[in-house]
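Comments concern the structure below.
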2 protein chains.
Amino acid sequence: MSRGTVSRVLNGGRYVSTAALAAVERAVAATGYVANSSARSLATRRSGAVAFVLTEPQERLFEDPNFHVLLRSCTQALAERDVVLMLMLAGTPAEHERVLRFVRGQHVDGMLLVSTHLGDPLVAEASRSGLPVVASGRPLGHEHDVRSVAADDRGGARAMVEHLLGRGRRRVTTVAGPQDTSGGVERLAGYFDVLGRRARAVDVVAADGWTHDAGERAMARLLEQVPDLDAVFVASDLMASGALATLRRAGRTVPGDVAVGGFDDSRVAVQVEPALTTVRQPLEEVGRRMVELLLAQVAGEEGEPVVLPTELVVRSST
Amino acid sequence: MSRGTVSRVLNGGRYVSTAALAAVERAVAATGYVANSSARSLATRRSGAVAFVLTEPQERLFEDPNFHVLLRSCTQALAERDVVLMLMLAGTPAEHERVLRFVRGQHVDGMLLVSTHLGDPLVAEASRSGLPVVASGRPLGHEHDVRSVAADDRGGARAMVEHLLGRGRRRVTTVAGPQDTSGGVERLAGYFDVLGRRARAVDVVAADGWTHDAGERAMARLLEQVPDLDAVFVASDLMASGALATLRRAGRTVPGDVAVGGFDDSRVAVQVEPALTTVRQPLEEVGRRMVELLLAQVAGEEGEPVVLPTELVVRSST
DNA sequence: CTGAAAGCGCTTACAG
DNA sequence: CTGAAAGCGCTTACAG
């Protein structure tokens with residue numbers, strides 16, 4: 001039996017007689033034969049692997065539960081299609097360079113770009129390279145060059161601010177996320193959508209990171225600027241946990257004195273006291289859709305940017 | 001200039017004249033040429049990739065900060081050597097099968113096995129396959145078949161129990177980890193090392209998982225069995241956070257009524273109230289050493305199991 | 001349906 | 001030091 005016939009069986013069994021097919025399958029089962037993947041990749045010009053690139057200081061991989069959800073759902077969705085996930089950190093310029101060299105070596109069929117920032121050179125390079133790329137969140141400045149899967153940040157933020165007003169709050173402020181990310185920009189836009197001219201400059205403080213500590217600092221600044229605030233929409237649950245710490249230290253009760261709304265519905269939302277009213281972002285699905293979109297692109301299919309709905313989740317903090 | 005000369009330059013520049021070397025380097029810089037990795041792998045029989053296999057229900061990837069530290073330090077240590085990390089989940093039998101098929105396809109040069117359990121078929125298969133493997137923690141039942149990097153669980157547990165006794169506690173109990181993992185077994189052994197015959201069967205409850213919830217349940221059982229306990233050594237910080245919740249609900253103060261000691265010195269140790277006295281496990285270094293040991297093995301070098309020292313960290317819970 | 005053969009893009013003895 | 005050539009282990013038109 002020729003090498004060619006075996007190969008045909010292994011690749012779907014088209015154009016093979018049932019007899020040959022059975023014989024090969026028996027032999028494969030008996031010997032535990034598995035095709036060498038480098039040779040296959042070389043012949044097919046497909047690696048069967050995809051890079052998951054974290055464009056972010058690595059601390060965030062530690063701290064932010066959102067990444068774990070995304071990483072897990074992507075790994076799983078890829079595994080179901082027998083594609084492997086290569087984890088790459090691209091926080092420093094050196095790592096950055098390594099990622100680029102890596103994709104140029106045709107080591108991967110595509111790239112999952114997570115948490116991109118405005119002016120991120122990797123996004124530009126990736127889209128220029130022609131390699132299939134899908135970003136999580138709309139990549140600021142490259143909305144049309146790179147496909148993406150995002151949650152409806154703006155709509156979710158609107159729902160939260162309306163909820164806060166519906167609770168009778170008069171002075172609704174916000175701790176915005178860093179404004180070099182689409183999540184940061186969009187959630188702030190949603191805030192303005194609802195409050196319009198009623199929002200004053202002092203009611204808004206943009207945090208200098210998506211971390212607990214950044215939320216803590218931003219909340220302190222906000223309290224100084226607006227001592228009589230009675231509500232705050234914080235652009236992520238993790239930052240909101242920091243905001244809660246600041247409020248507690250300042251002697252303000254939640255939700256008595258101040259109603260606090262978060263965003264994400266991540267694990268921390270229920271770990272803090274009081275549990276956070278927040279906006280649920282379907283990150284599991286974001287991961288799945290990113291994988292679908294990427295593999296479709298690898299297969300040469302068209303694809304539209306995806307925006308997934310968000311949902312208000314009311315708990316005890318508002 | 002021949003393909004062979006270019007290849008020699010790219011692979012270290014041995015046996016190449018300075019003139020040729022400079023010319024090639026100039027050309028590479030100008031064109032951005034990067035060798036195709038499949039072709040290189042096929043020729044060298046090295047993939048330049050390593051699998052990071054999580055032998056665990058995936059929830060743990062979400063919940064347990066220890067994994068993030070390990071994942072990050074391995075990714076980083078590998079990247080420094082230009083080796084790629086492939087993340088594989090092996091929680092279900094199907095995923096399991098996929099991992100095996102994958103390594104048989106010679107897709108990776110080695111395997112980092114994280115959080116193995118007693119009777120884990122993957123460990124046996126991996127060691128039998130001849131593929132270089134390094135486990136985190138000593139793989140129960142395969143201590144001599146598979147190289148490993150572990151923390152000194154037993155010594156750390158001893159230090160904690162001695163600390164508890166040093167605080168004047170009379171009834172020192174323990175919530176042990178699952179007894180099908182080396183961490184669970186060793187930390188319990190350390191407890192017995194110190195208490196010896198003073199420990200009674202009722203003083204020990206083994207949790208049915210390494211989670212917050214499992215710690216919560218185990219602590220409840222322990223309180224029923226030993227209502228007058230005044231100290232508990234919990235085998236992980238995450239489980240200890242669950243134990244704290246149970247104690248709070250039962251109206252016991254910490255450390256007033258009950259001293260609580262954890263293990264790991266993970267992020268949760270300082271997130272809970274009161275901050276946990278715990279045993280620091282140098283997970284960053286565990287990851288680094290795992291990578292070193294694995295790559296040495298790939299290069300055909302010998303290697304000994306590594307055990308890293310642990311350290312007592314005293315905070316407010318004892 | 002099947003086999004023989006070319007080709008995927010490298011690396012590495014081998015001669016020189 | 002360098003080039004020509006074999007070989008790594010597959011896939012896939014191409015004839016038949």
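Keep in mind that what you see is a predicted model, and the values were worked out from it rather than measured. Quick note on labels: first sequence line is chain A, next is B, and so on, each numbered from 1.
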Where the side chain of [X] is concerned, which of [options] is the nearest nucleotide?
X: A:Arg8; options: C:dT2, C:dC10, C:dC8; value: C:dT2
X: A:Leu42; options: C:dC8, C:dT11, C:dT2; value: C:dC8
X: B:Arg40; options: C:dT11, D:dC10, D:dC1; value: C:dT11
X: B:Arg3; options: D:dT11, C:dT11, D:dC10; value: C:dT11

Stepwise side chain to side chain donor-acceptor pair (under 3.5 Å) check, A:Ser47 with A:Asp109
CA-CA 6 Å; A:Ser47 74; A:Asp109 299 331; 3.2 Å; yes
Does [X] come within less than 4.0 Å of [Y], counting only side-chain N to carboxylate O?
X: B:Asp145; Y: B:Arg128; value: no
X: A:Arg101; Y: B:Asp82; value: yes
X: A:Arg72; Y: A:Glu284; value: yes

Side-chain N or O of [X] versus OP1/OP2 of [N]: is the shortest distance under 4.0 Å?
X: A:Ser17; N: C:dC1; result: no
X: B:Ser2; N: D:dG3; result: yes
X: B:Asn11; N: C:dT11; result: yes

Qualifying residues under side chain to side chain contact (heavy atoms under 4.5 Å, CB included), relative to A:Glu292, sequence neighbours excluded:
A:Arg81, A:Arg289
For atom C1', what is the distance between D:dG16 and D:dT12, given to the nearest Å?
16 Å
Please walk me through it: do A:Thr5 and A:Ser2 pass side chain to side chain donor-acceptor pair (under 3.5 Å)?
CA-CA 5 Å; A:Thr5 302; A:Ser2 84; 3.3 Å; yes
Which part of the nucleic acid does B:Thr5 contact within heavy-atom distance under 4.0 Å: base, sugar-phosphate only, or nothing?
sugar-phosphate
Between CG of B:Asn36 and C1' of C:dG7 the distance, given in whole Å, is 13 Å
Can you measure B:Arg14 atom CZ to D:dC1 atom C1' for me and round it to whole angstrom units?
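From B:Arg14 CZ to D:dC1 C1': 12 Å.
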Structure string for DNA chain D in dot-bracket form, Watson-Crick and G-U at under 3.5 Å, | interchain
|||.||||||||.|||
A:Val34 or B:Tyr15: which one's nearest nucleotide on DNA chain D is closer to the 5' end?
B:Tyr15
Candidate list B:Gln106, B:Arg104, B:His107, test side chain to side chain donor-acceptor pair (under 3.5 Å), partner A:Asn36, passing option
B:Gln106
